[in-house]
Amino acid sequence: MTATLGNFLILAALLVATAGSMVGFAAGCSGTPEGLKWAQRFAYAFAALMALATIVMEAALLSHDFSVKYVSQVGSRAVPAWVTFVSLWSSLEGSILFWGFILGLYIAGTTWVNRNQHVDYMPYAIGVWLGCAAFFSFLIAGPANPFGSVSPVPLDGPGPNPLLQNHFLMIIHPPFLYLGYVGMTIPFGFASAALLRGRLGLGFLRPLRASLLLPWIFLTVAIMLGGWWAYEVLGWGGYWALDPVENATLLPWLTATAALHSAIVMERRGVLKGWTVTLVQASFLLTILGTFMTRSGVFNSVHSFTQSSIGPTILVFLAVAILFSVITLAMRIESLEAEGKLESAVSREGTFLINNLLFVLLTFTVLIGTVFPLIVEAVNGRQMSVGRPYFDAMVVPIGTALLFLLGVGPALPWGRPRRDEVKRALLFPLIGGIVLAGIGRALGVTNVWTLITLLFGGYAAWVTMAEMWLPLVQRMRRGDSFGTALVQGQLRRGRRRFGSYVVHAGMVVVIIAIAVSSTMRTSHEARLSRGQSAKIGSYDVTFIGAETLAEPHRQSTVAHFRVMSNGKFIANLAPRMNQYQMMREPIGTPDVHSTLTGDLYLSIMNVDVGTQNAGVLMITTPMVAWIWISVILMGLGGLVALISRP
Amino acid sequence: MIALLLVLTLQTTKVPDAAQFVGAPQSTPLQGSQLDTRTIEIAGQLRCPVCQGLSVGDSPSAMAMNMKEQVRELLARGYTREQILAYFEQSYGEFVLLKPKFRGVDSLVWLLPLIALAIGGALVVMKMRKLERPVATTPSDAGDEYVNRVRQLVEKE
Amino acid sequence: MNRTVLVIGILITAAIVALFAFSFGRDPQHINSPLVGRVAPRFALRAVGTGEVIDIESLRGKPVVLNFWATWCMPCHAEHPILQQAARALGSDVQFVGVVFGDTEENIQAFIRERGEAYPTLLDDKGKTSIAYGVGGVPETFFIDRNGKIVAKYEGPLSFEMLQTYVRKVLS
């Protein structure tokens with residue numbers, strides 16, 4: 001019954017999306033207002049059908065209706081209700097349905113917001129969105145159908161993947177990631193509409209930019225949450241393992257960031273239109289590539305779902321989407337070409353071009369490093385690896401150059417600045433850089449790259465702060481009170497500018513925190529029997545004892561440690577070792593004592609309850625908490641910039 | 001008697017030796033802090049076979065700990081980095097090396113980004129030249145769109 | 001129509017499709033062992049319980065099934081009875097040898113007492129033998145022919161049929 005209803009809703013969504021897509025394109029060609037109206041109705045209908053299908057699935061999950069295939073795969077009467085609720089995105093079929101649901105929300109929302117605007121672009125945009133929607137409906141209806149029926153109906157199910165149950169971040173990381181990934185469909189539709197129309201007016205820039213910024217915010221938060229999850233769960237004390245799937249989330253973020261910047265030059269000078277559109281399209285295509293990398297089972301990754309059959313289908317869609325982008329670009333890129341000029345290369349505009357070059361180079365390098373082993377194996381059958389030493393060697397210099405631009409770019413005036421203007425603008429912030437690098441040196445930083453990062457980071461921080469509060473300062477100079485200046489200058493008028501600089505500030509903090517935490521980490525392995533202590537940094541870690549806990553899905557051994565520092569009690573930490581039925585290796589769950597200056601991270605290597613012996617890996621990492629803190633800055637800054645008026 | 005037996009058996013156990021694979025040590029034995037830093041450096045270049053893309057240096061798994069211990073022991077016996085990496089490569093295959101060699105097809109992974117930088121850089125410079133307004137304009141009419149448009153048209157002729 | 005964009009774009013599409021289409025069907029977890037076809041690295045390890053030292057080279061002349069495992073490994077528990085059964089059935093033609101890594105002798109003895117043992121289990125010294133054999137996780141099984149050459153390597157728990165197939169291969 002439930003299965004039939006679900007299948008009916010999905011098939012209806014497929015029908016509505018296909019029809020709506022065709023209507024959209026037809027209305028775009030003919031330009032009839034009636035056509036646009038119908039395209040909009042189809043967009044709302046698609047969203048409604050997807051929402052209903054998702055509700056049906058959630059209802060089936062929560063009521064333990066094991067006659068539905070997906071419920072029989074991930075449901076279990078033994079797990080708490082919240083786990084049951086989030087198991088919608090714990091496995092392949094459900095997560096694709098969730099994807100369709102979010103896609104519906106995005107499409108309907110954007111259509112509603114622009115219902116009376118941009119009438120010459122909207123039909124094409126709706127056509128493209130519903131085209132993508134049709135593909136995902138097809139995926140849900142066919143290769144990844146969660147609504148199959150099971151007979152005989154089992155009494156209970158296995159429950160979701162155990163790894164997903166052991167941390168709250170696993171509940172919020174996937175929705176943010178989907179909101180980021182799926183949301184890239186919207187700017188892709190807008191960019192394609194501009195190409196199909198053959199022009200990109202300044203008025204249309206606003207929805208394009210906003211539609212790119214929103215998923216960018218989600219993606220930023222999702223990437224950081226993913227890193228945090230890895231840190232809290234995977235037990236090796238790091239947050240970025242350069243896993244192919246982690247890299248895949250980074251790729252669209254990089255191109256979207258580049259596009260957000262080139263859009264500013266486009267807005268100011270009327271140039272780089274074709275380029276910006278290309279970047280927007282690339283961001284969408286990279287989200288599909290990322291989905292393929294996660295779902296195809298081709299890559300060796302912690303995130304890979306079990307070998308699934310949807311890989312070929314996604315690959316076909318990816319190929320079609322790239323060809324569509326390439327053909328529309330090739331047809332129309334010339335008609336979008338420059339209407340304006342730049343005044344000078346040594347200006348803020350000039351640095352935007354270099355910014356774009358570096359972001360694209362970074363995207364290319366990460367992509368090549370990730371797929372290179374596949375290429376080599378395809379060419380001559382050799383199995384090789386591209387790992388951290390490669391990425392460190394390639395990405396660190398590019399990242400450092402970007403940090404340099406993060407300081408120099410906003411410091412340079414627009415237009416054609418005079419030479420002395422340039423000199424003054426660039427010299428002052430050096431104080432910030434030198435001070436920060438000096439502090440770092442005094443605190444024991446010896447790594448050259450980290451010192452350079454501190455130098456450029458201090459420089460960028462100085463520039464960012466000066467630019468961020470400039471409207472406030474100017475208003476106060478004119479005689480406004482602090483309160484008026486704050487509200488008028490920062491939050492009402494200059495919201496977008498202010499928000500952007502808050503994001504920049506977050507970025508500076510993230511880069512410094514990454515540089516410091518990855519080069520200043522110390523680790524120490526100790527083998528302790530009950531009552532024994534080991535020392536790392538200023539911490540004394542005492543092993544109190546170990547116990548075994550049996551849970552339905554796993555067996556855990558918990559080791560208890562007491563952490564003291566200079567005779568003062570700091571924390572009790574209890575890292576554990578979990579043995580799952582389905583895994584060849586036991587999975588540890590670390591425990592972390594986190595402070596603003598640095599973290600103490602304990603991870604068990606091996607533990608024996610019988611003899612009360614434990615091998616423990618102790619890691620101190622300075623500044624790592626700042627990475628998570630800066631997410632808040634970047635997310636909030638992005639939101640402030642998003643809700644601005646032009 | 002039992003102790004004697006134990007000693008005898010201990011003497012006869014033997015694990016596969018690196019010399020079997022990569023010959024005699026070609027450098028001087030390391031010790032102290034030098035040994036520590038070299039161990040960390042080399043462990044960072046080996047892929048932990050039971051993990052997902054982590055290095056032996058990063059991974060807390062038992063396998064990685066053993067491999068790290070092995071690296072340390074080989075360094076202490078005077079093996080060079082090249083020899084140690086070659087030793088692991090012989091048993092695990094090229095897959096175990098996280099840093100691709102600059103050799104044959106593999107050198108492309110290093111070269112392609114550099115080529116991309118060169119091409120991209122050239123494109124940016126070209127684009128900048130094309131977009132940059134000529135300096136010759138006098139300040140009085142620099143802001144006048146109409147005059148500029150006319151000038152461009154004239155220059156094109 | 002911008003030809004350059006079109007040509008570059010189509011080339012990119014073709015490259016991506018070709019690359020990923022090729023990659024379908026391969027198991028990313030499976031790593032080919034460079035040791036297959038080479039002489040098995042020599043080791044001599046002490047057997048759990050008896051204390052007897054077994055040298056791999058002393059077993060020349062008879063094919064060897066070399067199984068790496070540990071008591072904390074769940075799939076090894078599933079594989080254990082299959083190996084015991086096979087060792088009893090094929091023991092006259094093939095020598096079975098177990099090597100345990102990352103484990104304590106007490107654990108292994110308790111395990112063996114409970115579940116039986118049909119062939120010697122050797123204790124690896126700090127995982128060095130496992131490293132020399134390129135073991136990437138347990139269980140993992142090597143099939144070595146009469147001349148001491150490694151014929152095949154299998155990752156993960158063996159089924160009885162799978163084991164028979166490999167043993168036939170190593171006997172021929």
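As the structure is a prediction and not an experimental result, all values here were calculated from the model. Labels below follow one simple rule: chain letters A, B, ... track the order of the sequence lines, proteins then strands, and each chain is numbered from 1.
Side chain of B/Gln83 to main chain of B/Ala24: a donor-acceptor pair is present (N/O by atom type, distance under 3.5 Å, no hydrogens or angles).
Judged as a ring-ring contact (aromatic ring centres under 6.0 Å, His included), the pairs with a partner in residues 33-92 of chain B (not counting sequence neighbours) are, in order, B/Phe21-B/Tyr87.
Between B/Asp17 and C/Arg42 there is no salt bridge, since no side-chain nitrogen of the basic residue lies less than 4.0 Å from a carboxylate oxygen of the acidic one.
Of the listed residues (C/Leu122, C/Ile56, C/Ile54, C/Val135), the one with the most heavy-atom contacts under 4.5 Å to chain B is C/Val135. Of the listed residues C/Asp124, C/Asn32, C/Leu35, C/Asp55, the one with more heavy-atom pairs under 4.5 angstrom with chain B than any other is C/Leu35.
Considering only residues two or more places apart in sequence or on other chains, C/Glu106 meets the side-chain hydrogen bond (donor to acceptor under 3.5 Å, both in side chains) condition with none of them.
Interface remark: B/Glu73 contributes side-chain atoms only to the contact with chain C (heavy atom separation under 4.5 Å).
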